[in-house]
Each structure stands twice: as structure tokens, then as C-alpha cells.
Amino acid sequence: MLKDIYTWLLDNYGPQGWWPLVTYKGTNPTKTGALKGYHPGDYSFPHNDSERFEICIGAILTQNTTWLQVEKALVNLKRMNALNVKGMKKLSVGKLKEAIKCAGYYNQKSKYIKEFSTLFSNLEKFPPTRAELLSVNGIGEETADSMLLYAFGVPTFVIDAYTRRILLNLGLITADAKYEDIKALFENNIDNDLIIYQEFHALLVEHAKRYYNNKNVTKKCPLSTKFGKN
DNA sequence: AACCAGGACGTGA
DNA sequence: TCACGTCATGGT
């Protein structure tokens, strides 16, 4: 069932190339958001610690905001040479807030980022454990799993509000399903494959943006007729 | 112009 | 454990 959904999504939308990284025009950092700015079908990313760090910062910044806003914040940070641990640690909290203001919740996110940076630089080895990530204030289950999956190459499934919404609409979960329940549902039914895990989550987000863009589902989800239980 | 976005935390029951 | 308020900007 879930595998069939994955196949349908991949066939219809193609590889998403997550996690998006900041791209350049010449030497000038511009965007990540455009599809061409991703790296669809190339699963070799991230290539270095700087990219790993960038993904983690993006994971914190994207909490309850759109990627469009996150992208602007990331570009600001990149231009300040702060999208790597050393640069970030040198950046004052004031400058940090200024740079990420567009992504919202800048007071708390600036703390989260600073605290995460300390953990990142203190890590003896990659990948960190899930518990280590969760110990940082501001890193919850989804953010931790996103970091593990996209920054550190650990095949762990990411559950977000969109995923929950889709599965609920399809009747595959009930409203009281917890994060761990939904995560287990995927991990017990999908091959433990890094590429599939990365792609599946990204595809669910893309699908949800098309059909579940507000809290009361209005548009007809094409998955529901094919795979829905009701 | 109200509604909401790729959540997480602190609080009180 | 769990429900609920809070955090904040900017696009649609």
C-alpha cells in the first residue's frame, strides 16, 4: 500500500532532490527554492560538513514556516559566511536574528541555532544519535529526523503535519496516531533504504502542497480514490 | 484581509 | 500524558 503510494508519487512528480541547498549565480548566493536549484536524482549530497550544517540550520528554520522564507534567511546567512559552524559561532545573536527574521520566531530560533551549533562542533563523530539531537532545545522529533535523514544519511522516516494529514485523509491512520506510530507504519512497510526514505518524505510534502494546502481538505486528492480506505 | 506555513516548548490539569 | 497558548514574519 505505502509502497504503491510511493510509486505513484514518484511516477507523477519525479525525484524532488531534497534537501535543497543554497545555489549561486556566479559567486552570488541566490536561492534554493526553484526546482532547478535542487539536485533531483542526485543522491550524493551532502558533500561536506558545511552542507551538512546548512541542512540542519534549514531544518530548524523551516519549523512552521514556508520554505520561501527559509530560503531568504539561508541566503542572508550564506552572504555573511555563517552557514558553517565556525562562521555561525562567530556571528552575534543580534546579527543572527536580523538574518533569520524573515523566517519568523526569530527570538527562539536564534537560540536554537546557537545551541545546535555548539552540539555540532562538539560532536566526536557523525552521525549524532537521535537522542543527542533531541537534547538540544528547539529540536523536536521531526527536526531531529530531518537532520538524520538528509544531513547525516541515516534512513529514518520523517513525519510532518502534511504526512499526517494525507494518511488521515486516506484512512490509513486515526486522528490520535502519535509521531512514533506513523513513523513505525512507514518503517515497517517500506524497505530501509536511504534514497526511498529521502524521496518519499519529499514527495509527500510536494503532494500535500498541491492537494492539502489548508487545514480543511477541499481539493480532491487523487490518492484517495486509488488507495483510500473510505 | 483573514488565514496559515515542511514545529517545539512551557504550562497546568 | 494531554490539551492549549505562545512564538512572528510574510505570502496568498
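Naming: A, B, ... by sequence-line order, numbering from 1 per chain. The model shown is predicted, which means the values in this text are computed figures rather than measured ones.
Both stacking criteria are satisfied for W18(A) over the base of dG6(B): a centre-to-centre distance under 5.5 angstrom and an angle between ring planes under 30 degrees.
For the P atoms, the distance from dT11(B) to dA8(C) is 16 Å, rounded to whole Å. The separation of dG5(C) from dC3(B), taken at their P atoms, amounts to 16 Å, rounded to a whole angstrom. The same atom, P, is picked in dT6(C) and in dG6(B); the two are 23 Å apart, to the nearest Å.
Between Y112(A) and F116(A), the distance from one ring center to the other does not fall under 6.0 angstrom.
Against DNA chain B, the stretch residues 191-202 of chain A makes no heavy-atom approach under 4.0 Å. Residues of residues 151-158 of chain A that place a heavy atom closer than 4.0 Å to DNA chain B do not occur. Using a 4.0 Å cut-off on heavy atoms, none of the residues of residues 174-186 of chain A approach DNA chain C.
Residues passing the ring-ring contact (aromatic ring centres under 6.0 Å, His included) test with F186(A) are F157(A), F200(A), sequence neighbours excluded. Annotation: ring-ring contact (aromatic ring centres under 6.0 Å, His included) contacts of Y106(A) (sequence neighbours excluded): none. Applying the ring-ring contact (aromatic ring centres under 6.0 Å, His included) test to Y105(A) and every residue at least two apart in sequence or in another chain returns nothing.
Taking Ile, Leu, Val, Met, Phe, Trp and Tyr as hydrophobic and joining them when side-chain heavy atoms fall under 4.5 Å apart, one finds Y43(A) in a cluster with I195(A). In this structure, V93(A) stands alone, with no Ile, Leu, Val, Met, Phe, Trp or Tyr side-chain heavy atom under 4.5 Å from its own, directly or through other members.
Remark: the backbone N or O of G14(A) is paired with a side-chain donor or acceptor of Q16(A) at under 3.5 angstrom.
Using a 4.0 Å heavy-atom criterion, one finds that T143(A) contacts the sugar-phosphate atoms exclusively. As judged by a 4.0 angstrom heavy-atom cut-off over every strand, I139(A) is placed among residues touching the sugar-phosphate backbone only.
Under the side chain to side chain contact (heavy atoms under 4.5 Å, CB included) rule, K78(A) has a single partner from T23(A), L21(A), V22(A), which is V22(A).
Pairs of residues two or more places apart, or lying in two chains, that qualify as salt bridge (charged side-chain N to carboxylate O under 4.0 Å, His left out) and include a residue from residues 114-137 of chain A are R130(A)-E141(A), R130(A)-D145(A), R130(A)-E180(A). Sorted by first and then second residue, the pairs that involve residues 132-154 of chain A and meet ring-ring contact (aromatic ring centres under 6.0 Å, His included), not counting sequence neighbours, are W18(A)-Y150(A), W19(A)-Y150(A), F126(A)-F152(A).
Note on K72(A): a side-chain N or O is less than 4.0 Å away from OP1 or OP2 of dG11(C). For R165(A) and dA5(B), the shortest distance from a side-chain N or O to OP1 or OP2 is below 4.0 Å.
Hydrophobic clustering, with ILVMFWY side chains joined whenever heavy atoms are under 4.5 angstrom apart, keeps L134(A) apart from M147(A).
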- Item | For DNA chain B, the dot-bracket pattern of Watson-Crick and G-U pairs whose distances stay under 3.5 Å, | for other-strand partners | ..|||.|||||||

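The distance between atom CH2 of W67(A) and atom C1' of dG7(B), rounded to the nearest whole Å, is 14 Å. Taking atom CD1 of I60(A) as the reference point, atom C1' of dA8(B) lies 11 Å away to the nearest angstrom. At whole-Å resolution of the value, CG in D160(A) and C1' in dC4(B) are 15 Å apart. As rounded to whole Å, 18 Å separates atom P of dG6(B) from atom CD1 of I55(A).
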Quick one: which protein N/O atoms are closer than 3.5 Å to N/O atoms of nucleotides 6-9 of chain C? Pair and distance per line, please.
from, atom 1, to, atom 2, distance (Å)
dC7(C), O2, Q108(A), NE2, 2.6
dA8(C), OP1, N107(A), N, 3.0
dA8(C), OP1, Q108(A), N, 3.3
dA8(C), OP2, N107(A), ND2, 2.9
dA8(C), O4', Y105(A), N, 3.1
dA8(C), N6, Y105(A), OH, 2.2
dA8(C), N1, Y105(A), OH, 2.9

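If Y162(A) and Y112(A) are placed on DNA chain B by their nearest nucleotide, the residue sitting closer to the 5' end is Y162(A).
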